[in-house]
J.: 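Have a look at this one before I ask anything.
Hydrogens, waters and symmetry mates are skipped; everything else that's a heavy atom, side chains included, is used. Start at 1 and go down the list; that is how both ligands and their atoms are numbered.
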Amino acid sequence: MLIRRRPGWAIPETAREAAATPEAVFFNRRQILAAGGIGLAGTILPGGPARAQDQDPTADLYPVKRNLTFKIDRDITPEEFNLAYNNFYEFGSHKRIARAAQRLQTRPWTVRIDGEVERKMTVDIDDLIRKAPLEERLYRHRCVEAWSMTVPWSGFAMRHLVEMARPLSGAKYIRMETFQDPAVAPGQKQSWYPWPYVEGLTIEEATNDLAFLVTGAYGKPVAKQMGAPLRLAVPWKYGFKSIKSIVAFTFTSERPQSFWEEILPNEYGFWANVNPQVPHPRWSQAEERVLGTDETVPTQLYNGYGEQVAGLYSGLASEPLFM
Ligand SMILES: Nc1nc2c(c(=O)[nH]1)N[C@H]1C(S)=C(S)[C@@H](COP(=O)(O)O)O[C@H]1N2
Ligand SMILES: [Mo]
């Protein structure tokens, strides 16, 4: 039984400990609480999400070495917060989608690379992950809703995928798409949303050193609710740009229209760079609530990554860069 490996009441106290703790502990605890006490735990544990995670065929690759170039001045958000507070509209338009997201089957999983590239291909996710130069990076993550986290992502620089594809000269943007399967993701039955979820970057953004394709988090394969088996992390942009559970990268000459841009073009644009001085039409972006703490802190221009990315936008002053 999973419960015997580490008791459910041994809840990690610090972010560092949380980072080293199997996800199983968190789920076990929630199941235990739901069942009304630890006495019942043994009867409800077999087969849950923790087990599926144990079976991830890339689990042996983690933890990966941390790249210390990416420094952070905040504590890592405890894993249990990150696992229980997610935006993933495919599974519901609220934050408690973790349980529903366990229905997503992340194997077999293929990723299509197409459009204006020399090497169109469909790759198996395990081949992709095993070939990739995996590293860990600590990144801030700032949602447009004015909350933030600090996450130990594992993955690889997106530049490697671009180099593998060899874009043709006409390619200016990369359009990314999430899986579509309404039988698994009940949110996708809500036909007023323009499924599948789509996001885009310019090639310059995608090849900036900060653009990161995430395959893991907290020292193991990334959890389903966080966007397994492959999601984006572009930490200088609002969180909605960091598309989850990607199935396709299309290189194109035309700027893709992203999911939220199509729904509310006056509130969510293509660029969506973080800027505390440009309010959302319905709320201020000046500050952010740091999840896992009681703190509210000032938001920083480009979420604190201006040194690395401000140059990408030097010729684009007339564009709505911050919405
Ligand atoms: N496919 C897909 N990707 C998505 C979303 C989504 O609803 N569907 N939500 C976005 C938003 S608004 C945020 S803030 C982040 C949330 O990532 P997290 O749950 O790991 O914090 O994922 C982004 N990627
Ligand atoms: Mo978000």
J.: Looking at Pro63, is its backbone amide N or carbonyl O close enough to the side chain of Lys220 to form a donor-acceptor pair, meaning the two atoms are under 3.5 Å apart?
T.: no
J.: Please confirm whether Lys244 makes a cation-pi placement over Phe179, using NZ or CZ under 6.0 Å from the six-membered ring centre and within 45° of the ring normal.
T.: no
J.: Output side-chain donor-acceptor pairs under 3.5 Å for residues 208-216, partner residues at least two apart or in another chain, one line each.
T.:
unit_1 : atom_1 : unit_2 : atom_2 : d
Asn208 : OD1    : Leu210 : N      : 2.9
Asn208 : ND2    : Gln308 : O      : 3.1
Asp209 : OD1    : Arg159 : NH2    : 2.9
Thr215 : OG1    : Tyr62  : OH     : 2.6

J.: Under a 3.5 Å cutoff, is there a donor and acceptor pairing between the side chains of Gln225 and Gln102?
T.: yes
J.: For residues 133-146, which residue pairs qualify under side chain to side chain donor-acceptor pair (under 3.5 Å), counting only residues two or more places apart or in two chains?
T.: Arg66-Glu136, Asn67-Glu135, Asp73-Arg140, Asn87-Glu145, Lys95-Glu145, Glu135-Arg137, Arg137-Tyr139, Arg142-Gln285, Arg142-Glu288, Arg142-Thr299, Glu145-Trp147
J.: For a quick check: using heavy atoms under 4.0 Å, what are the residues in contact with ligand 1, sorted by chain and number?
T.: Asn86, Asn87, Phe88, Tyr89, Glu90, His141, Cys143, Trp147, Met149, Thr178, Tyr197, Met226, Arg231, Gly239, Phe240, Ser242, Ile243, Lys244
J.: Listed by chain and number, what are the salt bridge (charged side-chain N to carboxylate O under 4.0 Å, His left out) partners of Lys237, not counting sequence neighbours?
T.: Glu205
